[in-house]
Undergrad: 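Below you will find the structure I want to go over with you.
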Amino acid sequence: MTMTSRAQTYKGMKDYLPREMRLRQYIMKTLTEVAERYGFEPMQTPIVEYESTLAGKLGDDEKLIYRLQYGDDRLALRYDQTVSLARVVGQYPNDITFPFRRYAFGPSYRGERQQRGRFREFYQFDLDIVGVDSRVADAEVVAVISESLARLGFTNYRILLNHREVLSGLARVAGVPEEQASQVYRAIDKFDKIGVEGVHSELSKGGIGEDAAAPIVEFITLEGEVQAVLGAMRERLGADERALQAVLDLGAVVQLLQDLGVPEEAYAVAPRLARGLSYYTGVVFEAVIEQPPIGSLLGGGRYDRLIGSFAGREVPTVGTAFGIERLQIVMTELGLAPEESTAPRAFVTIFGAELQGDALRLAAELRAAGIPTVAALQPDKLGKQLKEADAKGVRYALVVGPDELTRGEVVVKDLRSGEQRSVARAAVAEALK
RNA sequence: GUGGCUGUAGUUCAAUGGCAGAGCGCCUGAUUGUGGUUCAGGUUGUUGUGGGUUCGAGUCCCAUCAGCCACCCCA
């Protein structure tokens with residue numbers, strides 16, 4: 001008796017079939033190229049960590065960690081790649097020299113309920129500069145982000161910049177007690193979803209008085225030209241030493257972005273950007289697009305007190321994480337996926353059983369010449385073979401029939417234009433380049 | 001994890017509690033040396049899954065799985 005098992009992926013996890021994998025690999029390749037160009041080095045760590053490594057780094061949200069046990073070993077799946085980076089910094093003090101610029105690509109796991117662009121298994125491209133508290137480092141990370149998104153074909157993205165101390169300063173200046181500050185951040189973070197009125201009522205609901213709520217709401221609606229926004233921030237936070245320094249830091253980063261050649265329309269100072277803010281200590285940023293809706297494509301910032309937790313001292317770090325699934329979703333919807341760059345270049349048809357050997361020898365020659373080549377698997381009708389080639393997105397179909405064989409030639413058909421010509425066997429590889 | 005909405009052919013969608021349909025796709029032929037366009041014909045179902053109510057369920061009820069939205073959080 002045979003039993004058919006239920007074919008079903010686990011909730012919140014996805015299979016990626018070839019069509020999607022092509023795009024995902026293109027995204028990874030593009031991000032890697034840009035990172036390498038800025039001098040970042042590759043790194044990879046295990047998905048599985050000791051539970052004790054991950055414990056205590058995520059506060060209340062430890063319930064969404066996947067835990068597993070093997071024998072007596074208590075283990076967990078990483079929920080991001082940042083804690084693993086911290087462990088590496090603590091584990092290999094002699095192998096890592098600061099500043100450490102590294103990138104890492106891989107999956108992480110969180111037991112959240114699935115939504116668009118949010119999965120239980122999700123891939124991130126992480127990029128960090130570890131060990132130096134410098135505005136140049138902050139700006140370099142933002143520059144990589146901007147160049148990466150541009151290279152992927154985005155034209156309507158914007159990188160929002162803010163600073164953790166700007167928001168905590170705002171709370172102080174508005175007179176919000178420190179223990180209520182995180183409520184303020186959370187309300188601010190919803191601005192894009194619920195609007196000014198929504199934030200206002202969120203604040204009231206959270207027990208924030210009108211005297212405090214009014215200036216907060218006024219502050220987060222600031223937008224426009226970068227220097228104007230910075231000026232307005234300085235004006236409103238002038239009484240708070242730390243907040244003032246934070247505004248100066250933002251101004252410095254903006255200047256450095258200009259020096260690095262980041263186009264002005266690529267970023268904006270956004271007082272409304274709150275993020276989780278749980279472990280950020282300095283500049284924070286987030287890349288967004290107007291359409292289609294996806295939340296953020298990536299997020300990041302400076303977190304000077306997390307990476308050193310395994311090293312026993314502070315290791316200032318700035319970094320970001322690209323959300324691969326989110327990039328994949330919006331690139332698909334915007335039609336930014338590259339068309340044929342990854343499809344095979346040539347399709348060698350098999351004219352008939354007796355010509356199969358000639359076809360396969362031709363395929364072997366083309367592959368040796370570095371041309372990605374698909375060979376037909378059986379001598380079907382020529383029309384059917386061409387149809388397969390077309391369906392796979394292959395640019396050139398090759399035909400070796402009796403006539404061609406006699407003349408020592410090969411028919412090269414361009415499936416895009418429909419034109420075809422007969423080419424000397426020895427010149428085929430060259431003709432396909 | 002909590003609350004809500006949704007689930008029909010490969011896909012996009014129809015179907016008052018009464019015979020499960022259409023476009024696109026797919027297959028065959030026109031065309032025994034040519035795809036994509038055209039024409040002719042054909043195919044497509046455990047209505048997510050399992051129960052229940054009913055003479056009768058895609059439709060109503062319960063459970064379950066999955067997706068989406070909000071919360072939470074964030075990539």
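Note on naming: letters A, B, ... go to the chains in the order of the sequence lines (proteins, then strands), and numbering restarts at 1 for each one.
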Undergrad: Where is the tightest heavy-atom contact between A/L306 and A/A86, given as atom of each residue plus distance?
TA: O-CB, 4.0 Å
Undergrad: We want to know whether A/S84 and A/Q81 form a side-chain donor-acceptor pair, criterion being a heavy-atom distance below 3.5 angstrom.
TA: no
Undergrad: Sticking with atom P, work out how far B/C68 lies from B/U8, rounded to a whole angstrom.
TA: 14 Å
Undergrad: Given the structure, check if the side chain of A/D390 and the base of B/G35 hold any donor-acceptor pair shorter than 3.5 Å.
TA: yes
Undergrad: Can you find a side chain N or O atom of A/K387 that sits less than 4.0 Å from OP1 or OP2 on B/G36?
TA: yes
Undergrad: For A/V229, give me all partners under side-chain contact (heavy atoms from CB on, under 4.5 Å), at least two apart in sequence or on another chain.
TA: A/M233, A/V269, A/P271
Undergrad: Using 4.0 Å as the upper bound for N to carboxylate O, is an ion pair formed by A/E223 and A/R158?
TA: no
Undergrad: Looking at A/Q420 and B/U34, is any side-chain donor or acceptor paired with a base atom of the opposite kind under 3.5 Å?
TA: yes
Undergrad: Round to the nearest Å and state the distance from A/L415 atom CG to B/U37 atom P.
TA: 13 Å
Undergrad: Between A/E112 (CD) and B/G67 (P), how many Å, whole number?
TA: 14 Å
Undergrad: Would you indicate what A/E121 reaches in the nucleic acid, counting non-hydrogen atoms under 4.0 angstrom: base, sugar-phosphate, or nothing?
TA: nothing
Undergrad: Determine the interatomic distance between C1' on B/G58 and the same-named atom on B/U16; round to the nearest Å.
TA: 13 Å
Undergrad: Can you tell me which residue among A/V348, A/V411, A/L366 is in a side-chain contact (heavy atoms from CB on, under 4.5 Å) with A/V428?
TA: A/L366
Undergrad: Considering just the side-chain nitrogens and oxygens of A/R186, establish if one lies under 4.0 Å of OP1 or OP2 belonging to B/C73.
TA: yes
Undergrad: Using atom P of each nucleotide, how far apart are B/A70 and B/A63 to the nearest Å?
TA: 25 Å
Undergrad: On a whole-Å scale, what distance lies between the P atoms belonging to B/U54 and B/C61?
TA: 16 Å
Undergrad: How do A/K384 and A/G111 order along RNA chain B: which one's closest nucleotide is nearer the 5' end?
TA: A/G111
Undergrad: Give, for atom CZ of A/F310 and atom OH of A/Y92, the distance between the pair rounded to the nearest 0.5 Å.
TA: 12.5 Å
Undergrad: Could you state the atom-to-atom distance from CG of A/D380 to P of B/C27 in whole Å?
TA: 12 Å
Undergrad: Give each protein N/O atom lying under 3.5 Å from an N/O atom of nucleotides 29-31 of chain B, with the pair distance.
TA:
none

Undergrad: Find out whether A/D126 and A/L85 are in side-chain contact, i.e. whether some heavy atom of one side chain is under 4.5 Å from a heavy atom of the other.
TA: no
Undergrad: Between atom OH in A/Y185 and atom P in B/C72, what is the gap in whole Å?
TA: 17 Å
Undergrad: Might you list the N or O atoms of the protein lying below 3.5 Å from N or O atoms in nucleotides 68-70 of chain B, with each pair's distance?
TA:
residue	atom	partner	partner atom	Å
B/C68	OP2	A/Q114	NE2	3.0
B/C69	OP2	A/R116	N	2.7
B/A70	OP2	A/Q115	NE2	3.0

Undergrad: For the C1' atoms, the ones on B/C39 and on B/G45, what distance do you get once it is rounded to whole angstrom?
TA: 29 Å
Undergrad: Looking only at the side chain of A/V411 (C-beta and beyond, no hydrogens), which of the listed nucleotides B/G33, B/C74, B/G35 gets closest?
TA: B/G33
Undergrad: In this structure, how many angstroms lie between the C1' atom of B/C74 and the CD1 atom of A/I329, rounded?
TA: 14 Å
Undergrad: Stem finding on RNA chain B, please: runs of three or more consecutive Watson-Crick or G-U wobble pairs, both distances under 3.5 Å, sorted by first number.
TA: B:1-7 with B:65-71, B:10-13 with B:21-24, B:26-30 with B:38-42, B:48-52 with B:60-64
Undergrad: Heavy atoms only, 4.0 Å cut-off, all strands: where does A/L327 land among base, sugar-phosphate and nothing?
TA: nothing
Undergrad: For B/U32 versus B/C24, give the span between their C1' atoms, rounded off to a whole number of Å.
TA: 31 Å
Undergrad: In this structure, how many angstroms lie between the P atom of B/U34 and the CG atom of A/L382, rounded?
TA: 6 Å
Undergrad: Write down the atom of A/K413, the atom of A/G418, and the distance for their closest heavy-atom approach.
TA: CE-O, 3.7 Å
Undergrad: Using the salt bridge (charged side-chain N to carboxylate O under 4.0 Å, His left out) criterion, which residues pair with A/R135? Sequence neighbours excluded.
TA: A/D133, A/D138, A/D249
Undergrad: Measuring from atom CD of A/E218 to atom NE2 of A/H200, what distance do you get when rounded to the nearest 0.5 angstrom?
TA: 12.0 Å
Undergrad: Under 4.0 angstrom, heavy atoms only, what part of the nucleic acid is A/G418 near: base, sugar-phosphate, or nothing?
TA: base
Undergrad: Base, sugar-phosphate or nothing for A/G352? Non-hydrogen atoms, less than 4.0 Å.
TA: nothing
Undergrad: When the P atoms of B/A30 and B/U47 are compared, how many Å lie between them, rounded to an integer?
TA: 37 Å
Undergrad: Do A/E325 and A/Y123 have side chains that get closer than 4.5 Å, going by heavy atoms?
TA: yes
Undergrad: What distance do A/I216 atom CD1 and A/L203 atom CG have between them, rounded to the nearest 0.5 Å?
TA: 5.5 Å
Undergrad: Quickly work out the A/D403 CG to B/U34 P distance and round it to whole Å.
TA: 13 Å
Undergrad: Using the C1' atom as the reference point in each nucleotide, state the distance between B/A57 and B/A15 in Å, no decimals.
TA: 13 Å
Undergrad: With a 4.0 Å limit, can you tell me whether A/K11 has a side-chain N or O closer than that to the phosphate oxygens OP1/OP2 of B/A66?
TA: yes
Undergrad: State which of B/G36, B/G33, B/C71 makes the closest approach to the side chain of A/K190.
TA: B/C71
Undergrad: For A/R305, what residues pass the salt bridge (charged side-chain N to carboxylate O under 4.0 Å, His left out) criterion, not counting sequence neighbours?
TA: none
Undergrad: Could you state the atom-to-atom distance from CD1 of A/I294 to C1' of B/C74 in whole Å?
TA: 12 Å
Undergrad: Within the structure shown, what part of the strands sits under 4.0 Å from A/F351 by heavy-atom distance: base, sugar-phosphate, or nothing?
TA: base
Undergrad: When we call it a touch if two heavy atoms are under 4.0 Å apart, what does A/A389 touch: a base, just sugar-phosphate, or nothing?
TA: nothing
Undergrad: Which value, rounded to the nearest 0.5 Å, describes the distance between A/I129 atom CD1 and A/F100 atom CZ?
TA: 11.5 Å
